[in-house]
Each structure stands twice: as structure tokens, then as C-alpha cells.
Asks: 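Got a structure for you, written out below as C-alpha cells; questions coming shortly.
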Amino acid sequence: MAAVSPRKATEPRSKTLSIHVVTWNVASAAPPLDLSDLLQLNKDNLNLDMYVIGLQEMNCGIMSLLSDTAFEDPWSSFFMDVLSPLSFVKVSSVRMQGLLLLFFAKHQHLPFVQILSTKSTPTGLFGYWGNKGGVNICLKLYGYYISIVNCHLPPHMANNDQRLEHFDRILEMQNFEGQDIPNILDHDLILWFGDMNFRIDDFGLHFVRESIKNRRYSDLWEKDQLSIAKRHDPLLREFQEGPLLFPPTYKFDKNSNNYDTSEKKRKPAWTDRILWRLKRQPQANPQTQRPPAPHFFLSLRSYVSHMMYCVSDHKPVTSTFDLELKPLVTTPPITLMPEGLWTMENDMLISYSLTPDFPSSPWDWIGLYKVGLRHINDYVSYVWVRDNQVSFSDGLSQVYFNTSDIPETEEQFLLCYYSNNLHSVVGISKPFKIQPGSFLAEDPLGESQPHI
């Protein structure tokens, strides 16, 4: 026992986060009634922390896009309806025509998720049309840089070189000049997925279908275009993928599990893929011949398709990862503390403390949410921090909160501090209840609401 080095009191403990990644070309379909299998809601003790969801070929007709601009699109609404009761909050999203990328996290992680950038890279007609290309969310998670890319690459067997060119172009366009963000290849983790449209070379239709029928998927791997490209491209080889132990996910007759029976009879292929890349680790010290201690490690728990969903000619594919990391950030920038017993009858006080390096702004605000919030704009009420500040001393501030427009309810509430400079939630309170009382008149000032 004496030989064991005790952990220093200040050394952060490792944390394991479970991340579920979904990719699905939905072929303009509406969400089916039940997505429990897709989201792994039927798995006991899965304990997921985050969802990353990428869709391709969403309905992007003129009327649909106009409606989705004014309101949430049907798919986003569906995912929020299902996940918000489980304490998942939609942290960020980005849409480019038929491409949609969503990032959800459990609310306790919100102060440690900083959204740095969202970006769209069209590669369609003449390189400007967004029916093909990629969408990206760049974020910091517990201090580590992570990039998430959802892509849709060119179709058809003969366009393999074009697919690889588009992959490279999307990668090259993920630069963050002037934003103090490292190059994407220097990010700690890249999650890259989507309808990549890679096909199976050489083998005839009969051989491919017989191999699938007899579950001899390994017979087809050597002619998978993505696998071939990785053997010849050193950068692409750095992107890892789980074993293809599920049937090719394209092309099916809609509303069935039958591969294409049309006149074209397209050859089945693994078009829908999930890849990841970890930052290159520093080399071992030649004197010690021991690699540096790992502080950031990703392991694949599952990589599967979901044959039960038939609304599209593609089957969805999911991966579940365990991300083990030693947090670089262990304390939220803001610590929120509701003061005393909250009732409906009086303005209430909120105390909060800031870390010394926190970049505060006059446009920071604190939102009051019901537990089960869908997204950061889903507040019941809010206060501008500077306008409602009543005291400030020794790193501790107080603001008052008008309770007049809060409905009486037995539900629990949360407070979230939103930073205008960091574009993220930087502090969150523990759940609490507001005691019922007399209902006061609405705030006559009618201030404009904060919106992200």
C-alpha cells in the first residue's frame, strides 16, 4: 500500500460521458410515431449523457422551409418532445436545406458545454448549392475541443472520386480564423457521420444480395469504397469506424425491409456511416519509453443499424460511445443560489458568484425554467443581470426576480445564467419549487425578451 501514490486533493477525477450518435437519411419523411429503439430508450441502465443527431434529405420544399424558419421543424420538435422529459436540453442546432444537426445534453452538463461555432459548407451544384455538403457544430466540452460534422456526399457508383473531393473540401472549410479556435485537425475529437454514399465496387448484385442474405458481411468489406479509400489516404485513415456487422443500409423499398425492387435494382451499400478521429497524441519520451498518461479516450460501445424503421429508403445507423476524460474545467463560471423560500407574493433574490476570469456582459441574463426545458429559449421568465442587480461584493452578486408573471404550479424550476460573450449557459441552479401565493399583475414595462 505504501507504494501507491495517493491522488492529490486538487487533481480532477476522470469522468465518463456516454454519447449516442444518430445518422439517418429520412428521404423527406415525417418522423415515425415511435423512435425508442433509435434513441435507445428501451435499454435499461444506459445512462446516456448526450445525443448527437444528424439527418439528411429532410423535406426542404419552399413551404416546408418557410414553416421551419418560423417554427421548429417536425423532427427537432419530435426529438425535444421525447428527450426533454428525460432532462436532455437542445444545446445547439444547425440546418442547411435538407441537412440538420442537433446536439442535446443533460442539463447538469450545460455549464461545461461552450458552443464556439456553427457552420454550413455547401458542395452541391457549382459548389454553392446546399443539397450536398456538411454542417458543423464546434464546441468545448469540459475544456476539450470537439467538432461534430454531419455530411451528405454525392451519390452513384461512379462518383467515388467526387465523394472524396467533397469530404476533403468540407474538412478544409472547417477553419475558424479570428475566433481563437484551433484548426479542426487539432481538436481533441471529431465526430463525422452522414449519408456518405460510398458503394460496393466490382461484386455483382446477386453476390452482394446472397452475402447479405447469409450474413456474410465480411465478404463485402474489401470492396467497400470507403474502406478502400482509407487504405490509400493517410488522413482518411486517421478516422476510425466500428466493424460493419449490420446489413447495408441502402437502398430499400419504402415501407419495407426489401432491397430495391424497381427497374434500376440498385446494389445495396453501406452509405450511412459514423466515423471518429482523436487528436494525435504526443510521442513517448525516448528516455522513459512510456506514453503520456491518457486524459481523453473514446471507446465504442455499439455500432448498429435499425431495420425496424421503414419510412425511408435508408435505414438509420447509431453508435454509442463512452468518452473518458479528465476535466480541464471543473468549476462552472457562475454558481447560482436562489435565496430563501421563493413564493409568488414577492420579488425574490438570486445570489451568484463568478470565477475571476469570467467575461461578463451587460447582455447576460438569468432565465427561470421548468425542469424538463426543451431548449435555452424555453424560459418561463428572465432578468437582465445588470438591470436587476441590487448588490455586488467580494465576487458575490445579487439580482431580484419579479415573480408576477410566473404561473402557480407544483412543478420544479431551474435557474440558468446565459453568457452573451460565451454564447452558452455558464451556470445552473439545483431544482427548487416556488410556493403558491397571490398572483400579481404582469410587468407593465413589457421589456423585449432575450433570444439566441
Asks: Please say which of Asp313, Asp260, Asp195 ends up in a salt bridge (Lys or Arg N to Asp or Glu O under 4.0 Å) with Lys251.
Replies: Asp313
Asks: Without hydrogens or angle criteria, can the side chains of Thr355 and Asp357 be said to hold a donor-acceptor pair below 3.5 Å?
Replies: yes
Asks: Checking ring-ring contact (aromatic ring centres under 6.0 Å, His included) for the pair Phe167/Phe198: CA distance, chi angles, key distance, verdict?
Replies: CA-CA 11 Å; Phe167 186 97; Phe198 289 106; 7.7 Å; no
Asks: Strictly below 4.0 Å, N to O, side chains only: are Glu72 and Lys90 in salt-bridge contact?
Replies: yes
Asks: List the atom of Leu220, the atom of Phe203, and the distance in Å for their closest heavy-atom pair.
Replies: CD2-CD1, 3.9 Å
Asks: I'd like to know if Lys15 and Glu324 make a salt bridge, using a cut-off of under 4.0 Å between side-chain N and carboxylate O.
Replies: no
Asks: So, do Tyr51 and Phe103 have ring centers that fall under 6.0 Å from each other?
Replies: no
Asks: For the backbone of Ile228 and the side chain of His232, can you confirm whether one donor and one acceptor N or O come within less than 3.5 Å of each other?
Replies: yes
Asks: Would Leu235 and Leu171 satisfy side chain to side chain contact (heavy atoms under 4.5 Å, CB included), going step by step from the backbone distance to the final call?
Replies: CA-CA 11 Å; Leu235 179 57; Leu171 188 62; 3.4 Å; yes
Asks: Okay, side chain of Lys132, backbone of Pro122: is any donor-acceptor separation there less than 3.5 Å?
Replies: no
Asks: Can you tell me which residue among Thr271, Asp272, Asn25 is in a side chain to side chain contact (heavy atoms under 4.5 Å, CB included) with Asn197?
Replies: Thr271
Asks: Going by atom types alone, do Asp253 and Ser256 pair a side-chain donor with an acceptor below 3.5 Å?
Replies: no
Asks: Can you find a pair of side-chain heavy atoms, one from Leu373 and one from Ser84, that are under 4.5 Å apart?
Replies: no
Asks: Tell me if the centroids of the rings in Trp276 and Phe193 come within less than 6.0 Å of each other.
Replies: no
Asks: Return the minimal non-hydrogen interatomic distance between Pro327 and Tyr144, and the atom names on each side.
Replies: CA-CE1, 4.4 Å
Asks: How are the rings of Phe112 and Tyr142 set relative to one another: parallel (under 30°), tilted (30 to 60°) or perpendicular (over 60°)?
Replies: parallel
Asks: Is there a donor-acceptor pair under 3.5 Å between the side chain of Gln174 and the backbone N or O of Ile170?
Replies: yes
Asks: Kindly assign one of parallel, tilted or perpendicular to the pair His187 and Tyr145, based on the angle between their ring planes and the thresholds 30° and 60°.
Replies: parallel
Asks: Using modelled atom types and a 3.5 Å cut-off, is there a donor and acceptor pairing between side-chain atoms of Thr409 and backbone atoms of Glu411?
Replies: yes
Asks: Checking Arg209 against Lys213 for the side chain to side chain contact (heavy atoms under 4.5 Å, CB included) test, could you report, in this order, the C-alpha distance in whole Å, the side-chain angles of both residues, the deciding distance, and whether it holds?
Replies: CA-CA 6 Å; Arg209 289 195 171 184; Lys213 180 180 177 181; over 6 Å; no
Asks: Heavy atoms only: give me the nearest Asn257-Cys310 pair and the separation to one decimal.
Replies: OD1-SG, 3.7 Å
Asks: I'd like to know if the side chain of Thr249 pairs up with that of His314 as donor and acceptor (distance under 3.5 Å, no hydrogens or angles considered).
Replies: no
Asks: Is there a side-chain contact between Leu101 and Val52, using heavy atoms and a 4.5 Å cut-off?
Replies: yes
Asks: Under a plain distance cut-off of 3.5 Å, with no hydrogens placed, do His152 and Asn131 share a side-chain donor-acceptor pair?
Replies: no
Asks: Say whether, by atom type as modelled, one donor and one acceptor occur between the side chain of Arg277 and the main chain of Ile190 under 3.5 angstrom.
Replies: no
Asks: Is any side-chain heavy atom of Ile53 closer than 4.5 Å to one of Leu39?
Replies: yes
Asks: So, Trp384 versus Trp363, ring centres under 6.0 angstrom or not?
Replies: yes
Asks: So, does Asp224 use its side chain to make a donor-acceptor pair with the main chain of Ser227 at under 3.5 Å?
Replies: yes
Asks: Looking only at the aromatic ring of each residue, does the gap between the centers of Tyr217 and Phe246 stay below 6.0 angstrom?
Replies: no
Asks: Measure up the Phe358 and Tyr417 rings against each other and bin them: parallel (under 30°), tilted (30 to 60°), perpendicular (over 60°).
Replies: perpendicular
Asks: Please report the C-alpha distance between Arg95 and Ser120 in whole Å, then the side-chain angles of each, then the deciding distance to 0.1 Å, and finally whether the side chain to side chain contact (heavy atoms under 4.5 Å, CB included) criterion is met.
Replies: CA-CA 8 Å; Arg95 171 107 185 247; Ser120 302; over 6 Å; no
Asks: Taking atom CZ of Arg215 as the centre, does the number of heavy atoms from other residues, nucleotides or ligands within less than 6.0 Å exceed 12?
Replies: no
Asks: Taking Tyr303's backbone N and O only, do any of them form a donor-acceptor pair with Ser319's side chain (distance below 3.5 Å, no angle check)?
Replies: no
Asks: Quiz question: by atom type and distance under 3.5 Å, do the side chains of Lys119 and Asn175 form a donor-acceptor pair?
Replies: yes
Asks: Verify the distance criterion only: is there a donor paired with an acceptor across the side chains of Ser87 and Gln108 at less than 3.5 Å?
Replies: no
Asks: Does a donor on one side chain sit under 3.5 Å from an acceptor on the other, for Ser18 and Asp322?
Replies: yes
Asks: Determine, stepwise, if the pair Ser302 / Gln40 fulfils side-chain hydrogen bond (donor to acceptor under 3.5 Å, both in side chains).
Replies: CA-CA 11 Å; Ser302 71; Gln40 301 292 276; 5.1 Å; no
Asks: Quick check against the 3.5 Å criterion: does Lys140 have a side-chain atom that pairs as donor or acceptor with the backbone of Ile146?
Replies: no
Asks: Taking C-beta and beyond as the side chain, do Phe413 and Val380 meet within less than 4.5 Å on heavy atoms?
Replies: yes
Asks: Give the minimum heavy-atom separation between Pro154 and Arg163, together with the two atoms involved.
Replies: O-NH1, 2.9 Å
Asks: Is the side chain of Asp233 donor-acceptor paired with the backbone N or O of Ala229 at a distance under 3.5 Å, no angle test?
Replies: no
Asks: Using atom types as modelled and distance alone, determine if a side-chain donor or acceptor of Tyr379 lies under 3.5 Å from a backbone N or O of Lys370.
Replies: no
Asks: Apply side chain to side chain contact (heavy atoms under 4.5 Å, CB included) to the pair Arg199 and Tyr250, showing each step before the final yes or no.
Replies: CA-CA 9 Å; Arg199 308 305 168 100; Tyr250 175 85; 3.7 Å; yes
